[in-house]
Protein chains: 2
Amino acid sequence: MNLNLEDIARLAGVSRSTVSRVINHHPNVSPATREKVWQVIQEQKFHPNQIARMLATQRTQILGIVVSQTAAVFFDDPSAYFPTLIQGIAEVANQQNYSTLLWLGGSGEGENHESFHRQISHNHLADGLVLLSASASHPLIARLVDTPALFVTIERPRHFAERVSYVTIDNVQAARTAVEHLIQLGRRKIAIITGPLLNTDSHDRVIGYQQAMEAAGLAVDPRWIVYGEFNTDTGQRAMKSLLPLGLDAVFAASDQIALGVLQTLREAGVCVPQDMAVVGFDDLPAATATTPQLTTIHHPIREKGAYATRLLLGLIEGSVPEPQQVLLPTHLVIRQSCGALNAQDMANLHG
Amino acid sequence: MNLNLEDIARLAGVSRSTVSRVINHHPNVSPATREKVWQVIQEQKFHPNQIARMLATQRTQILGIVVSQTAAVFFDDPSAYFPTLIQGIAEVANQQNYSTLLWLGGSGEGENHESFHRQISHNHLADGLVLLSASASHPLIARLVDTPALFVTIERPRHFAERVSYVTIDNVQAARTAVEHLIQLGRRKIAIITGPLLNTDSHDRVIGYQQAMEAAGLAVDPRWIVYGEFNTDTGQRAMKSLLPLGLDAVFAASDQIALGVLQTLREAGVCVPQDMAVVGFDDLPAATATTPQLTTIHHPIREKGAYATRLLLGLIEGSVPEPQQVLLPTHLVIRQSCGALNAQDMANLHG
DNA sequence: ATAAATGTTGGGAGCGCTCCCAAGCCCTGC
DNA sequence: GCAGGGCTTGGGAGCGCTCCCAACATTTAT
């Protein structure tokens, strides 16, 4: 049904090879021939078969995006963290003429997870892989790290961190900045509510918290450090458990958590920021919709995806050596929930 | 570097064809040979080259997911509408041994849009396509409809509706149900705030609204019908403009819109549902987080994606004829914002 | 003018698989 | 005992492209 190179060649009165050269913009084709061939190609609306090209070149121009996680964690999440990441990836990929293969799965259970990862690593469709969650993709990383497969993870992996390429933010520094800000404002009894223990983002934010506290000579009650999930529910639950401890500030390691914290504090009649300062992490759109608006750490989610993709492309082209590890900058966005803006500032804001 | 069929054949002392037969579970291989070949395959961790297989079979086992829309509309949207759809698609696809190619793009501008769609329709990588937004994909539909390419859209397309396969919900009926519910509760002056005029979902919900009003013998002031976007901002803006009209109910054609409506009403000191009943559409998780909780139309977003994929697979296998058009069921979820639950019910809820 | 360098073109081989056909095998039935 | 049928097996011919090499044409340098 479809035409092939040979057909075009016949119609243009040249050889298959010449048509191939024209299509691939090889230099050594005379202008006249080039012109003639292009004309036939246009006329026939010819498009070379990608698959055949892949087979011949051993390159697919496809990037795999791996979201190995329970569906709920990713998509019912209003933060749109993963979708935003994917957007950053797809943008760069499409722009560089790569297609993106989306792998969603690994819904928890061991066997499923296993076969999901096997499917990805054996189906050699992609020239490279972006793993959106290093911690959840651990088994995949373990099986890829000793193969020639090219991949980069978002988030620093727990294992093989020295051998794999990743893009992340300096979570330690970012968390430290957030907590130092609270300390500067006179807060002393500061708790942290964070995500899963095994998640390196989660883990590093605790380190940053501890460093800030220690540097300020503030003792940390172990009960002040609460691990959970990066969601609203954890925020509510954790805050309820923290309520009796007489704190004056909470650092929520995600805005989702902060949302839950704020809600619980409101229900408990605790005034934010007067009685309790709150700082979040992520700078989601939702952070400006709360009352009071959330002070939070901004980090470039979409850019993480984009950067990881550029990096991966570099690895594929061979223009950069493995492994590459990059930390993207973050900054503190001061709004109302930390109490840094005094009454007058707030009046100005609303004026 | 990698082994191929021939290598395995040599190691197993058989021919390429026999190995191929074993891998593809063809019946006519003697048990002994089959066993021997499997053993070599396991030993060598052999995995057949997908690309070569694609070239030979002219089938890719890949489904394309097309999200032709501005990024912001899709991912900054807390409703996770598109991610949820994608999840439904990927689930079915992976389960049937299909991979999914994700096409995100068409960021508004004509030229971009054009080249985005060209890229999709010429790159014959997918056995079939799922178009996530019929209205936004119009140019793509127009170019695909006269080709042998297989595709199904979510949402009924504005043009070629009789010729394309799609999966959607009965928006007319759903909207009608919502509005009839308000009428039953004694509301008379009911407005509708909906999405883009060119979106068929949007359009049909208005039809449903009009049918319900007409059936009840209620005249509709043209100012009561407001078109906008499916977002919070539209809800706020539209509600502000509706405030002076002395309404007693608003049907928001998406929960996002309803969120904006609720916010504006709160700021204006209008009590919901006493002074103004509000019904939404979508049944997002956020609908239960509002005060009062939102009465809304539930529709199966994820199932839409899953159904569309099963349908597409059917078209690919040739087991169903084109075109197929299906309407999935919806239902009204009664919560507090419509005023159907009286004080006692509410007490029970909180007890 | 002529050898050498350069530019242009065509064809063969190969990427790794599937599918078809023919050949060889064994078994059954007359 | 031998023809005819069904299993099992191997090899050839693609799928449509790229890439290399050799052949030929055209310049350029001497």
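Letters go in sequence order (proteins before strands), and every chain restarts at 1. What you see is a predicted model, and the numbers here were worked out from it, not measured in a lab.
Although no hydrogens or angles enter the test, the distance criterion places a donor-acceptor pair under 3.5 Å between the side chain of B/S165 and the main chain of B/Q324.
You can see that DNA chain C meets the heavy atoms of chain B within a 4.0 Å-exclusive cut from C/dG16 to C/dC20, reading 5' to 3'.
Under the 4.0 Å criterion applied to side-chain N and carboxylate O atoms, B/R163 and B/D146 are assigned as salt-bridge partners. Between A/E162 and A/R156 there is no salt bridge, since none of the side-chain N atoms of the basic residue sits less than 4.0 Å from a carboxylate O of the acidic one. Taking 4.0 Å as the cut-off between side-chain N and carboxylate O, A/R302 and A/E91 count as a salt-bridged pair.
In the helix from C/dA1-D/dT30 to C/dC30-D/dG1, the end axes, each obtained as the rotation axis mapping the C1' atoms of four pairs onto the next four within a five-pair block, lie 50° apart to the nearest 10 degrees.
For B/V326, the side chain to side chain contact (heavy atoms under 4.5 Å, CB included) partners are B/V167, B/Y307, B/L311, B/L328, not counting sequence neighbours. Looking at residues two or more places apart in sequence or on another chain, you find a side chain to side chain contact (heavy atoms under 4.5 Å, CB included) between B/R34 and B/V22, B/V29, B/W38. For B/A56, there are no side chain to side chain contact (heavy atoms under 4.5 Å, CB included) partners at least two apart in sequence or on another chain.
In terms of position on DNA chain D, the residue among B/T57 and A/R53 whose nearest nucleotide sits closer to the 5' end is B/T57.
No side-chain donor from either of B/S17 and B/S20 sits under 3.5 Å from a side-chain acceptor of the other.
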Hey, what are the protein-to-nucleotides 4-10 of chain D N/O distances that come in under 3.5 Å?
unit_1	atom_1	unit_2	atom_2	d
D/dT9	OP1	B/S30	OG	3.2
D/dT9	OP1	B/T33	OG1	2.4
D/dT9	OP2	B/S30	N	3.1
D/dT9	OP2	B/T33	OG1	3.4
D/dG10	OP2	B/S15	N	2.8
D/dG10	OP2	B/S15	OG	3.2
D/dG10	OP2	B/T18	OG1	2.9
D/dG10	N7	B/R21	NH2	3.4
D/dG10	O6	B/R21	NH2	2.7

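B/Q58 comes within 4.0 angstrom of sugar-phosphate atoms only, judged by non-hydrogen atoms across all strands, and of no base.
A ring-centre distance under 6.0 Å is not found for A/H47 and B/H124.
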